[in-house]
Structure formats: C-alpha cells, structure tokens
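We use all heavy atoms of the structure for the numbers below, so side chains are in, but hydrogens, waters and symmetry mates are not.
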Amino acid sequence: MTLFLAFWLLPMLRLAAVGASGPTGIAAYFAVVTNHHYLMSLLSTLLLSAAVTLAALLISALVGLFLQRNRFAGKALLLAMLTFPLAFPGVVVGFMVIMLAGRQGLIGVVSNWLFGGAWVFAYSLGGLFLGYLYFSIPRVILTIIAAAEKLDPALEEAARSLGANPLQVFANVVLPALAPALISSGAICFATSVGAFGTAFTLATNIDVLPMAIYNEFTSYANFAMAAALSIVLGAMTWLVLALARSWSGNAAGAAA
C-alpha cells in the first residue's frame, strides 16, 4: 500500500490536479476532442499504433510458430538476434531508422543509384512505423513462442485426420489456441506504441503524435496544465486497452479450452 500510494496514487492525483489548474479548468481534459491539433495527434497516434500492432502480430505469429516447431543450426543465435532490440532505448532505434531511411541512409543511397532519386521516409509516420515495429516484434515473438509450446499436437493431428487442410487446421485449431497470447501481446504492443517517446523525438521532423504534443506543451509553451491533461487522457486510453485485453484474453482462453 505504501508503494502504491507513493509511486502511483499520489503522483496521479497531483497530475490530475495540475491538468485542471489551467485557464480552462477541467475543460482541458476535453481538449483532445475539441481542439483540432490535439485530435489529429490522437488519431495519428491510435492509427499508427494499431498498424504497428497488426503488423507485429502477423510477423511474430508466423516467425514464432516456425521457430517453435523447427530445429536447425543457428536457431538459438537467430532467436537471440530477434530479441536483441529489447536492449535498445527508443533514441537508438530512431537513430537506426535514420541510418536506414534518412537522407544519407542505406535506402536513400540505393534508390538514388537505381532510380535517380533518394527515398527518404525516416522523418515521417512511415519511419516511426518502422521504428515501432522494430522494437515491438521481439515482445510479441517471445509470447507467441511460449504459447506455441503449450499447443497439443494431437488436436492438429485429429483435425488433419478428419480432412482439414493446413489452412483450416491453422484457422480452427492453432489460431484459437494462440488467441489469448495474441490478444495480450497485442495490447502490450499497442500500449507501448501509444506512449513511446524516444523514437518519435528522434524522428520528429514531420511527425505529429500525442506524446510529442505533450512534450511540446511542456517544454516549448510551458503549458503545464495542458500537458498534464493530455497525459492523463493518454494514460486512461492506454489503461482501457489493457483492461479490455485482459477481459478478452480470459474469454478467449475459455473458448480455446
């Protein structure tokens, strides 16, 4: 209880009080839907996070199942390399995106040599998508591998013996069994992308996401009340997604059982 009060409840209460202390009072909490700039930042954040989550789930499900079901030389090294991005802070990930898709990046050099024009997208939502996907995939892969290890091969054999093709086996047997892991890891991926700041800060030339809006309100305009209000709104939305995921993953586990 002491830790809860000291490190969560009291700071959150203070943050909520600061958010309502501005000229508009409690109306600051509704600015995210009444102010066009904040609304566009919110929509960009949610759409980007949803796209990253879907891509990470698709890639990680395929790769995770493959790694769990196949034995080959160098598998341990490959898995270690796939999870290596977990060690990188967001700023480093942003720098790597610049080295890949920035003005002097590898993609720009190759595209300029092949087509006479450099492809530069590191400083846009495309670059941020790439960076978020890079550090999201390892989190999902580890969850998928752990869940795939618990699958009962007899269920798949039974489905095949009844005439199901590989796609039907995956859709009707494997996917429902993996649903709790997919939902929970997807929620964590989404929440991480919504609140990620370091990568967005590194690539922030043409990027307008809500964490950057909060940072600008706090540092550039000294609008502490609006920064606090937007922080509370962003945190509440992230908490809601995680709460729904816990509920859905429980229901999915029951259905799979």
Side-chain angles (χ1 to χ4, degrees), residues 32-33 35-64 81-144 182 185-217 219-220 230-231 233-234 237-238 241 245:
V32 75
V33 293
N35 183 288
H36 181 265
H37 171 67
Y38 299 143
L39 180 59
M40 290 298 101
S41 298
L42 174 63
L43 292 178
S44 297
T45 303
L46 296 179
L47 290 176
L48 174 65
S49 301
V52 169
T53 300
L54 291 176
L57 288 177
L58 177 61
I59 296 172
S60 301
L62 296 176
V63 175
M81 294 303 296
L82 286 173
T83 56
F84 191 58
L86 291 173
F88 292 148
V91 174
V92 175
V93 174
F95 180 71
M96 293 173 65
V97 173
I98 293 174
M99 293 295 98
L100 180 65
R103 296 180 181 89
Q104 304 299 325
L106 178 62
I107 293 178
V109 172
V110 174
S111 61
N112 187 52
W113 179 68
L114 291 176
F115 307 107
W119 294 350
V120 178
F121 59 88
Y123 310 101
S124 65
L125 286 177
L128 194 56
F129 171 85
L130 188 63
Y132 284 3
L133 184 63
Y134 179 73
F135 67 68
S136 295
I137 287 177
R139 292 172 169 82
V140 183
I141 280 183
L142 293 176
T143 305
I144 297 301
L182 290 172
S185 60
I188 294 175
C189 176
F190 182 85
T192 303
S193 299
V194 165
F197 172 75
T199 305
F201 180 77
T202 308
L203 306 174
T205 304
N206 296 312
I207 294 174
D208 186 19
V209 289
L210 203 54
M212 286 303 304
I214 295 171
Y215 174 80
N216 288 329
E217 291 293 336
T219 60
S220 301
L230 293 176
S231 299
V233 171
L234 185 63
M237 294 182 62
T238 306
V241 170

Taking side chain as C-beta onward, heavy atoms only, is [X] less than 4.5 Å from [Y]?
X: Ile188; Y: Ser185; result: no
X: Leu234; Y: Pro211; result: yes
X: Thr199; Y: Phe135; result: yes
X: Thr53; Y: Ser136; result: no

Is a side-chain N or O of [X] found less than 3.5 angstrom from the main chain of [Y], in a donor-acceptor match?
X: Ser60; Y: Val140; value: no
X: Ser111; Y: Trp119; value: yes
X: Ser49; Y: Val194; value: yes
X: Tyr132; Y: Ala196; value: yes
X: Thr83; Y: Pro138; value: no

Atom [atom1] in [X], atom [atom2] in [Y]: separation rounded to 0.5 Å?
X: Thr202; Y: Tyr123; atom1: OG1; atom2: OH; result: 10.5 Å
X: Leu46; Y: Ser193; atom1: CG; atom2: OG; result: 11.0 Å
X: Ile137; Y: Ile144; atom1: CD1; atom2: CD1; result: 12.0 Å
X: Leu62; Y: Leu57; atom1: CG; atom2: CG; result: 10.5 Å
X: Arg103; Y: Asn112; atom1: CZ; atom2: CG; result: 14.5 Å
X: Leu125; Y: Leu130; atom1: CG; atom2: CG; result: 12.5 Å

Just checking Met40: does its CE atom have more than 12 heavy atoms from other residues, nucleotides or ligands closer to it than 6.0 angstrom?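 For Met40, atom CE is crowded (more than 12 foreign heavy atoms under 6.0 Å).
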Counting neighbours of CZ on Phe95 that are heavy atoms of other residues, nucleotides or ligands and sit closer than 6.0 Å, is the number greater than 12?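 No, not enclosed.
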So Phe84 and Phe88, would you call those rings parallel, tilted or perpendicular, with 30° and 60° as cut-offs?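 Answer is perpendicular, since the angle exceeds 60°.
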Please report the closest heavy-atom contact between His37 and Ala213, naming both atoms and the distance.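 Heavy atoms only, the tightest pair is NE2-CB, 4.4 Å.
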So, applying side chain to side chain contact (heavy atoms under 4.5 Å, CB included) with Ser41, which one of Val209, Leu210, Val32, Asn35 is it?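 Among the candidates, only Leu210 passes.
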Could you walk me through whether Ser44 and Asp208 satisfy the side-chain contact (heavy atoms from CB on, under 4.5 Å) test, starting with their C-alpha distance in whole Å, then the side-chain angles of each, then the deciding distance to 0.1 Å, before giving a yes or no? CA-CA 7 Å; Ser44 297; Asp208 186 19; 5.5 Å; no
